[in-house]
Engineer: 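This is the structure I have questions about; it appears just below.
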2 protein chains.
Amino acid sequence: MTTRKEVADRAGVSIAVVSYVLNDSNYVKEETRRKVLQAIEELGYETNMAARALKMRKTEQLTVLINHLGNPHEAGLLLRLEEDAAKHNYVLFFQTFQKEKESKLKSLLNGRVDGIFLLGQSLQEDTLQHFRKQNIPFVSVTTPVSRRTEDVTCIDLDWTFEYTRLIRLFKAKGHGRIAFMAIRDPEHPLQHRLEAFRRAMEIERLPIEEHDVFYAEGGLQSAYDTIKLSLSAPDRYTAIVSANDLMAAGIVAACRDEGVHIPNGLAVAGSEDILMSSQTAPPMTVIHYPREKVGEIAMEVMLAKMQKRPVTDRILQATLVERKSL
Amino acid sequence: MTTRKEVADRAGVSIAVVSYVLNDSNYVKEETRRKVLQAIEELGYETNMAARALKMRKTEQLTVLINHLGNPHEAGLLLRLEEDAAKHNYVLFFQTFQKEKESKLKSLLNGRVDGIFLLGQSLQEDTLQHFRKQNIPFVSVTTPVSRRTEDVTCIDLDWTFEYTRLIRLFKAKGHGRIAFMAIRDPEHPLQHRLEAFRRAMEIERLPIEEHDVFYAEGGLQSAYDTIKLSLSAPDRYTAIVSANDLMAAGIVAACRDEGVHIPNGLAVAGSEDILMSSQTAPPMTVIHYPREKVGEIAMEVMLAKMQKRPVTDRILQATLVERKSL
């Protein structure tokens, strides 16, 4: 079994310093403390004390990597996470995740956070490994469990279930040809909603033609531009589901400008229930994403992970909010 | 004149270390460097070199203190700031400003940022002083120049001008009794929009009665609840301006539910032009806050301040977007 002496030698410090670190004393300089923690880890020195000390000194800060500031669905999740973090005396800060700058995350967040929330992004293994070594846990919201990476705990909906329920509602109103507005970027975290929609259509034994899948960038204007031309086609889908609500609002706006009545000319549904969805004309039928509950549970899971308690992925259930677009 | 020797003595380091710090060398430990910088400042040691060294080592990070994550107007500003920061290789991170935790900011941001953007918040003098000493500049967006604190450069609109123009439009359409939806919290950064509205009404020689000023919390639902009852009063205002668009959307929703036609029964206008404002029924007439331009200029001003170039407050002009609510 590894001794404190061996840890001290490896780190190039005295045994006393190792003890200070194990006792989480403020006496030790950050750099020295890191050296000792590294030696402890490399040598596999393990006691309850070591386990405790290995846990980074608390920064009382958590970060959230977001995808797009302009998306009110994400803002709603952040709002709830922030409220719950504050209850536990954590400060939350946010930054937009940029894949091409992922390697910078390590230095940016070093010593600054006790935990990292993802909004569905898939990080590279070396990024995960870096934070794992520092016992900084990851919790991901809106990542499907099917795409989870080891150590990243996920909280999301079962989208196949949700879309199947929504498709049944469309079917009950006489729709058989249902289009989908997806996000173009194949790496985008919402891509799995399209996959789930395809499976749900299969469950409901409805075909989905390739030209009934539309791709836009995620925002209102982009969906508006994408859908507008197709609205005048004589033989087209009679209903459409959008992977997010901003794009659904773009479809509603395009129908308004093209004189297509909703729902008689086209039935529309969104997948999140952002505030705007209740204010469009007509108000939109949507899957109500339980942001409050998801945020609350994400924070619970984060606390549990920081305290080394066991956690599992969590699948929540949404509600269908029927308004006048369907 | 103070010498390097005196600085070294004061900081308890060698003269060589002082030189390293002045040359911004990576050789010096952060803690030592801070001691030296403190000694330099206390002793008033000044050379070009010192001035350069006094500037904190670049973190290449900027932060924005936000008021409310759920407000798309703020999100839009952040989006633009973020884009412009990225062009200059800065990472932007955000956190919600909480007045009761202001004292924590000093430790939270220590050594982590090269500059701080405010969204209208008034910070305490000791907070400002703390960052000023570290040469970390402040730039405030949406703070009126009239409320500016020394060293905080402001970029905003001239709200008196903007509201006067809007009121003239109301007058041209026959309205003489115009209500205002303000934010209840007297400390809120948007409070000055109410003050400007009062002045604009005075310019236009229109009285504004105390019971024609409504107060809500800033969100859609809160404005909805506030305004709903008053809509059935037989003798009331015929038009209303809201300090922000989310509250204006709440007024539109209340009119819809109370059967008040817009604009015949009530004319409504917002002050920001968030995306939702173009999607309500009817779409809203608004002051279009030039978020892109404001974000761009805010970043320009921040860069200038970091480079010690002279800057001035900037007052931009909005455009009036006429839609169907007026």
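Quick note on labels: first sequence line is chain A, next is B, and so on, each numbered from 1.
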Engineer: Report which part of A:Val91 has an atom under 4.5 Å of a heavy atom belonging to chain B: side chain, backbone, both, or neither.
Structural biologist: side chain
Engineer: Is B:Ala249 close to chain A through its backbone or its side chain, or both, or neither, when contacts mean heavy atoms under 4.5 Å?
Structural biologist: backbone
Engineer: Any idea which of A:Leu92, A:Val252, A:Leu220 has the most non-hydrogen atom pairs under 4.5 angstrom with chain B?
Structural biologist: A:Leu220
Engineer: Any side-chain heavy atom of A:Leu69 sitting closer than 4.5 Å to one from B:Phe94?
Structural biologist: yes
Engineer: A:Ile66, A:Leu108, A:Ile274: which one forms the most heavy-atom pairs within less than 4.5 Å of chain B?
Structural biologist: A:Leu108
Engineer: Write out the donor-acceptor pairs between chain B and chain A under 3.5 angstrom, atom names and distance to 0.1.
Structural biologist:
unit_1  : atom_1 : unit_2   : atom_2 : d
B:Gln61 : OE1    : A:Arg112 : NH1    : 3.0
B:Glu82 : OE1    : A:Thr96  : OG1    : 3.0
B:Glu82 : OE2    : A:Thr96  : OG1    : 2.2
B:Phe94 : N      : A:Phe94  : O      : 2.9
B:Phe94 : O      : A:Phe94  : N      : 2.9
B:Thr96 : OG1    : A:Glu82  : OE1    : 3.0
B:Thr96 : OG1    : A:Glu82  : OE2    : 2.2

